[in-house]
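Scroll down for the structure; my scribbles are underneath it.
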Amino acid sequence: MTETAPLTRYAPADLRADPGRVVARLFLPGEELPATRSRAGAIVARVLALPDSEVEELTAGLLESFSGRHRDYPTLLASHASIVSSRLGEAPRLTDARALLLGASFTAEYAVEGAALCNPSAVLHPDQSSLQPGQARVVVSLRGIGEGHISSIGFSTAVVGPGARWSFEPRTLPAVAGSTIGACWRREHLRAVLTDQGHVDELSSTVLRALPAELTSADLEQALAEAHPDLVARPGAHLVVEVLRRLVSSAYEVEFPAGVALAQQVLLPAAAEESNGMEDARFVRFIDDDGSVEYRATYTAYDGRQIASRLLTSPDLRAFRAHRLAGPAARNKGMALFPRRVGGRYLALCRSDGENTSLASSRDGYVWGEPRLVQAPTACWELLQVGNCGPPVETDRGWLVLTHGVGAMRTYVIGAILLDLDDPFRMVARTDRPLLRPAPGERDGYVPNVVYSCGALVHDGVLWLPYGIGDARIGVAWASVDELLDRMSPVLR
């Protein structure tokens, strides 16, 4: 049980990694390592050489063993077979069974939570039907960590209330990865990202001028084809072209089939800059000035060498758009969006310098300006750094921000600060001691000595905080909002 300040209580709710949550992905043997020849041709030849009777038997066994683990398993195998069809040469048309076996030879299961489950973020569910008085349905986003420490984004649902009650709903199987297509860019957004990366030169400027205000990969290829040959032939031009293509292709949309439950959905890395993981999604239910609602989440993309701050947007948590963020505030981990505009501008907490909590604003929600310091490490549990634990929660007394502090032995704890409602750049109060810290039974895990959250929510005056324990499992704590605010100490300026 968690050691907490008296105002924080522990809910009897627990969520653990499920190695049975698997997705089937394309697998090209030999191409997972650099500088190796493809083995695809030899594998295709071996599949073609099998006698029909053996093919029929193998395929029947595959369908029996794996159809229950994957949605529309035969269609998935047929898709993977088509990807390697160029290796078939002059082979006669394959039987259905042999085509499925070929696809299965280039397919592997990936357990999205095979290593760990952590860093939850909570928002109100789009569907609030079939509930009792005083209840609310909640969506909890989850960071699943699988083979190779690659992170993906999954979901769970829970019902809270009436009163101090939290109950996770069963997580449905099978896990389902969505269908992905490319998305558009705004030209000025692309210019801002290129500026961040130091790639605004004569070639990129020429290409940007030739692009329409809203552009796709096809528009980029046309602009590159029409660029002056002398610009394209200059030393270093190939790097600029590669960066342009990589950036434009990094924007994508994901949609899930009808009938797939939210808890089945898995957002897998789909852009090169997130190939090694989509980390720490911080979801917020954003209400715009006209009353329209959109779900948004910042997350950290990792390609094995560098990180990038990215944004997910969704009207209903069934279709998502993923995009790169830009500007000084988007150059490190841990951005967290406010749930509405303040003073006509989008606001976000960030930790652009790696150790302080700052606040930044944006006109469009994609390009973020210079951050301003809000909170520096001052307490004994914050010797290394501070940062947010998700989007601010609006109260009648100010913006309540849950924070994490990192202290000796890289121990993570959770505290809180309060920002002025009209001027969120001003901190007005803070907790004198942590709300949550790793208890003896919570110290061990994938990453020891860590309690961490990516977002809480308030329902009927109760602050609900799902949190990761040792980056291995999820617990839930709660506190009365009024009690918490009453216990915070004013910040003297």
Side-chain angles (χ1 to χ4, degrees), residues 1-2 4 8-23 110-125 127 135-146 149-161 164-176 260-268 277-283 297 299 317 389-390 402 404 412 414 435-439 441-457 459 462-479:
M1 186 169 174
T2 309
T4 69
T8 310
R9 289 88 166 180
Y10 177 77
D14 182 77
L15 199 62
R16 294 175 182 263
D18 179 0
R21 300 185 70 81
V22 296
V23 294
Y110 173 74
V112 295
E113 300 171 7
L117 186 71
C118 56
N119 300 1
S121 173
V123 290
L124 279 178
H125 198 295
D127 179 11
Q135 291 184 327
R137 184 170 289 111
V138 174
V139 177
V140 182
S141 69
L142 304 165
R143 177 185 174 189
I145 304 177
H149 193 76
I150 295 175
S151 301
S152 58
I153 300 171
F155 300 93
S156 180
T157 58
V159 173
V160 298
R165 300 180 183 177
W166 176 292
S167 177
F168 281 112
E169 296 181 310
R171 292 202 287 163
T172 316
L173 290 173
V176 178
V260 173
L262 180 55
Q264 292 178 266
Q265 296 177 183
V266 180
L267 293 168
L268 295 171
M278 307 166 72
E279 303 178 359
D280 302 353
R282 288 161 158 82
F283 274 84
Y299 68 99
L317 297 179
C389 274
L402 293 171
H404 68 265
Y412 279 67
I414 296 176
L435 303 176
L436 286 177
R437 63 173 75 240
E442 298 179 336
R443 292 181 58 186
D444 298 331
Y446 191 61
V447 181
N449 304 310
V450 171
V451 290
Y452 191 87
S453 178
C454 286
L457 86 163
H459 174 64
V462 176
L463 176 74
W464 289 102
L465 175 63
Y467 66 100
I469 301 168
D471 276 9
R473 66 188 195 275
I474 308 298
V476 180
W478 64 274

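Just so it is clear, the values below take in all heavy atoms, side chains as well, and ignore hydrogens, waters and symmetry mates.
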Going from [atom1] on [X] to [atom2] on [Y], what distance comes out if it is rounded to the nearest 0.5 angstrom?
X	Y	atom1	atom2	result
Arg21	Leu173	CZ	CG	5.0 Å
Leu436	Leu402	CG	CG	9.0 Å
Leu463	Arg9	CG	CZ	11.5 Å
Trp166	Tyr10	CH2	OH	12.5 Å
Glu442	Arg437	CD	CZ	12.0 Å

Tell me, please, which residues at least two apart from [X] pass side chain to side chain donor-acceptor pair (under 3.5 Å).
X	answer
Arg165	none
Tyr452	Arg282
Arg137	none
Asp444	none

Discussion item. Suppose we screen for ring pair (Phe, Tyr, Trp, His ring centres under 6.0 Å). Which residues come up paired with Tyr110, at least two apart in sequence or across chains?
Written reply: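 Tyr110 satisfies ring pair (Phe, Tyr, Trp, His ring centres under 6.0 Å) with no residue once adjacent residues are dropped.
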
Once side chain to side chain contact (heavy atoms under 4.5 Å, CB included) is applied, do any residues pair with [X], and if so which ones, sequence neighbours excluded?
X	value
Ser453	Cys389, Ile414, Leu465, Tyr467
Ser167	none
Val260	Arg71, Val176, Pro257, Gln264, Gln265, Arg318
Leu124	Gln128, Ala136, Arg285, Leu457

With a cut-off of 3.5 Å and sequence neighbours excluded, list every side-chain donor-acceptor pair involving residues 149-161.
{"residue": "His149", "atom": "ND1", "partner": "Tyr446", "partner atom": "OH", "Å": "2.7"}
{"residue": "Ser151", "atom": "OG", "partner": "Arg143", "partner atom": "NE", "Å": "2.8"}
{"residue": "Ser151", "atom": "OG", "partner": "Arg143", "partner atom": "NH2", "Å": "3.1"}
{"residue": "Thr157", "atom": "OG1", "partner": "Glu169", "partner atom": "OE1", "Å": "2.6"}

Item to complete: Sequence neighbours left out, what passes salt bridge (charged side-chain N to carboxylate O under 4.0 Å, His left out) with Arg443? Give chain and number order.
Response: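 With neighbours one apart ignored, the set is empty.
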
Worksheet item: Does Glu113 reach the main-chain N or O of Asp18 with its side chain, forming a donor-acceptor pair under 3.5 Å?
Response: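 It does hold such a pair.
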
